[in-house]
Protein chains: 2
Amino acid sequence: MLNFQQKVIFMKKYFDVLRKCPLFIGIADEHIFKMLNCLGAKSESFDKKYTIIGEGNPAKFIGILLSGSAQIEQMDYYGNRTIVGRVEPSQLFSEAFACAQVDAVPVSVIANEPCDVFLIDCSHILHTCQNNCSFHQQMIFNLMKNLAVKIIVFHQKIEITSKRTTREKLMSYLMFCAKEVGSNSFDIPYDRQELADFLEVDRSGLSAEISKLRKEGVLTSTKKHFELL
Amino acid sequence: MLNFQQKVIFMKKYFDVLRKCPLFIGIADEHIFKMLNCLGAKSESFDKKYTIIGEGNPAKFIGILLSGSAQIEQMDYYGNRTIVGRVEPSQLFSEAFACAQVDAVPVSVIANEPCDVFLIDCSHILHTCQNNCSFHQQMIFNLMKNLAVKIIVFHQKIEITSKRTTREKLMSYLMFCAKEVGSNSFDIPYDRQELADFLEVDRSGLSAEISKLRKEGVLTSTKKHFELL
DNA sequence: ATAAATATGTTGAATTTTCAACAAAAGGTG
DNA sequence: CACCTTTTGTTGAAAATTCAACATATTTAT
């Protein structure tokens, strides 16, 4: 009951976020509420650094991030972290694992800041709902497109991390950021350790490389802000 | 007309391959022929080393590999090749780019051996066909699941290539292969250069590492056959 | 405001990779 | 079978990464 109340609060508070969610593209505003009920969305909140979805657990839920930001992380048995990607409000997470119905999610989804989320039981997405909700087909189509876009993002990550040197990885990444925002001046979402874990390099070596690039006049940077010269 | 004849020949010759294609799961045999026509599938053949889909071109087609094998390759501006993955008969390729409707495919699909393929114009998949083919929804669903599985595969690749040393990358990959076939004795699909390009390491260093592992008694191998001890 | 905790930058040594060049083995072809 | 081509293995030198340890900012909490 309490959860139901929170769900209603979230739906109102984050309506603008929800209508931008890839899951609801092409679906009229007035139907989004109905669908979230139909899908049995559960509302949850997570504090900074908390695990939203834990590595190794079965993939039960598709997540919609409503506020805050989260990171997709992979850990190997040596404890080395790889940051696979980042989740911003409106975006889905864990949808691939839910759709592929994997026994064990190979990543963790970690809250970077306090996060509000909706979690949708994937069985409600993969099987038509009892009410035979007419928007289900549109949603499957949306999910399909969303997954296709995520694969493009993976290709971009491979293009960056397949480079052999820290400098090349960093420059590939920064040039990609610049291209994306359409400016040589931009902020990156990662701190140094996170950037290192995203680029799959050593943090201290990354710091050294950034200093070197500064001295060479290739870029200026303060913390998370970069400018390519 | 000639192409239509070849299409019919392919449909008959490769029917067992087609019915295993992720696109046609849950669709009765007798409907697959009809659908391929409905989708306007084009049949094509490629010789070894030929480019089936070229990097930089717009994503127009979803491919179904009927025979042979193909590789997904990425090239950077230095000419360094990264092998993203491999395509075996029955599998789809380029479907993510087609579904995401990208302007420029970021990879090339290269025939490893002589290949027969079907190419389906993605507009026929993304928009309901004129005949309002009743299997279209099932196909979208299948495509969605297929894309989800491919994302899992990307996570596996990242788990392997995010390792920092050639040895760790190699061992991760080999252990993954062993797990997949359920035996410590298995063949890999790559030759040395291809394996190096898949693991994103130097070929000669990879050869040296394999030799070292042999001497240490960790594995035996001849060409593409490996056995973990 | 101060202390504590976290993040970033710096450095040198050890390890590892890459690169280039070549040798040896395997495969294909006339 | 001999020749040519391709693949694989080997090596040493140069370059780059990682690792550990520490210095310096910066942020957070009390």
Side-chain angles (χ1 to χ4, degrees), chain A residues 47-49 71 76 78-83 110-114 160-174 187-216 218-226, chain B residues 47-49 71 76 78-83 110-114 160-174 187-216 218-226:
Chain A
D47 274 339
K48 187 174 174 170
K49 295 194 177 176
Q71 247 164 217
D76 67 13
Y78 299 110
N80 299 315
R81 176 177 70 166
T82 302
I83 294 180
I110 310 285
N112 268 50
E113 332 160 37
I160 291 166
T161 56
S162 69
K163 298 277 185 299
R164 300 301 164 80
T165 65
T166 300
R167 168 175 290 228
E168 282 179 8
K169 290 183 187 186
L170 174 62
M171 287 306 293
S172 295
Y173 174 68
L174 293 178
D187 290 301
I188 64 171
Y190 301 122
D191 65 28
R192 288 290 178 275
Q193 183 63 63
E194 288 169 344
L195 181 57
D197 290 344
F198 177 81
L199 298 178
E200 299 165 11
V201 299
D202 179 67
R203 180 198 61 77
S204 69
L206 175 61
S207 272
E209 203 61 49
I210 291 173
S211 298
K212 210 187 284 181
L213 287 164
R214 258 196 292 256
K215 278 173 201 144
E216 292 175 19
V218 178
L219 52 77
T220 61
S221 80
T222 51
K223 296 191 297 178
K224 295 183 175 185
H225 185 79
F226 285 79
Chain B
D47 275 338
K48 186 172 175 172
K49 296 196 177 175
Q71 248 163 214
D76 68 13
Y78 299 110
N80 298 316
R81 177 178 71 167
T82 303
I83 294 180
I110 310 286
N112 270 53
E113 331 160 38
I160 291 166
T161 56
S162 68
K163 298 279 187 299
R164 301 301 164 82
T165 64
T166 300
R167 168 176 291 229
E168 282 178 9
K169 290 183 188 186
L170 174 63
M171 287 306 293
S172 294
Y173 174 67
L174 294 178
D187 290 302
I188 65 171
Y190 302 122
D191 65 28
R192 287 291 179 274
Q193 183 64 61
E194 289 169 342
L195 182 57
D197 290 345
F198 177 81
L199 298 178
E200 298 166 12
V201 298
D202 178 67
R203 181 199 60 78
S204 67
L206 174 62
S207 272
E209 202 62 48
I210 291 172
S211 297
K212 210 187 282 181
L213 287 164
R214 258 195 292 256
K215 278 173 201 144
E216 292 175 18
V218 178
L219 52 76
T220 60
S221 79
T222 51
K223 298 191 294 177
K224 295 183 173 183
H225 184 80
F226 285 80

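Sequence lines set the chain letters: A, B, ... in the order given, protein chains first and strands last, and positions in each chain run from 1.
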Exercise for the section: Taking only Lys NZ, Arg NE, NH1 and NH2, and the carboxylate oxygens of Asp or Glu, determine whether B:Glu216 and B:Arg167 approach each other closer than 4.0 Å. Expected result: yes

Fill in the blank from the handout: Looking only at C:dC19, C:dT18, D:dT18, the nucleotide nearest the B:Val201 side chain is C:dT18

Handout entry: Distance in angstrom units between A:Asp197 CG and D:dT17 P, rounded
Key = 16 Å

Exercise for the section: For A:Lys223 and for A:Ala208, find the nucleotide of DNA chain C with the closest heavy atom, then tell me which residue's nucleotide is more 5'. Expected result: A:Lys223

Exercise for the section: Select one nucleotide: of C:dT8, D:dT17, D:dG9, the one nearest the side-chain heavy atoms of A:Ser207. Expected result: C:dT8

Practice task
Return the nearest nucleotide to the side chain of A:Thr165; candidates are D:dT11, D:dT17, D:dG9.
Solution key: D:dT17

Exercise for the section: Classify the nucleic acid contact of B:Asp191 as base, sugar-phosphate or nothing, counting any heavy atom under 4.0 Å across all strands shown. Expected result: sugar-phosphate

Handout entry: Whole-Å gap separating P (C:dT8) and CG (A:Leu206)
Key = 10 Å

Handout entry: Gap between atoms NE2 and P, on B:His225 and D:dT7 respectively (whole Å)
Key = 21 Å

Exercise for the section: To the nearest Å, give me how far apart CZ (B:Arg167) and C1' (D:dT17) are. Expected result: 18 Å

Practice task
Please examine the side chains of B:Glu200 and A:Arg164, heavy atoms only from C-beta on, and report whether any two atoms are closer than 4.5 Å.
Solution key: yes

Exercise for the section: Report yes if a side-chain nitrogen or oxygen of B:Arg192 is closer than 4.0 Å to either non-bridging phosphate oxygen (OP1 or OP2) of D:dT7; otherwise report no. Expected result: no

Problem - Interatomic distance, A:Glu113 CD vs D:dT28 P [rounded to whole Å] - result: 12 Å

Exercise for the section: Name the closest nucleotide to the B:Arg203 side chain, picking from D:dC19, D:dT7, C:dA21. Expected result: C:dA21

Problem - Rounded distance (Å) that lies between atom C1' of C:dT18 and atom NZ of A:Lys163 - result: 16 Å

Exercise for the section: On DNA chain D, check which nucleotide each of B:Glu194 and A:Lys169 is closest to and give me the residue with the more 5' one. Expected result: B:Glu194

Completion exercise
So CD1 of A:Ile188 and NE2 of A:His225: to nearest 0.5 Å the spacing works out to 11.0 Å

Fill in the blank from the handout: To the nearest angstrom, the CD1-C1' distance between B:Ile210 and D:dG9 comes to 10 Å

Problem - Heavy atoms of other groups near A:Lys223 NZ, more than 12 under 6.0 Å - result: no

Handout entry: Neighbour count >12 (heavy atoms, 6.0 Å) for atom NZ, A:Lys224
Key = yes

Handout entry: Nucleotide C:dT15, atom C1' - distance to CG of B:Asp202 in whole Å
Key = 16 Å

Exercise for the section: Ignoring backbone atoms, establish whether A:Arg164 has a side-chain N or O less than 4.0 Å from OP1 or OP2 of C:dC19. Expected result: no

Handout entry: C:dA20 OP1/OP2 closer than 4.0 Å to side-chain N/O of B:Ser204
Key = no

Handout entry: Minimum-distance nucleotide to A:Thr166 side chain [options: D:dT17, D:dT8, C:dT18]
Key = D:dT17

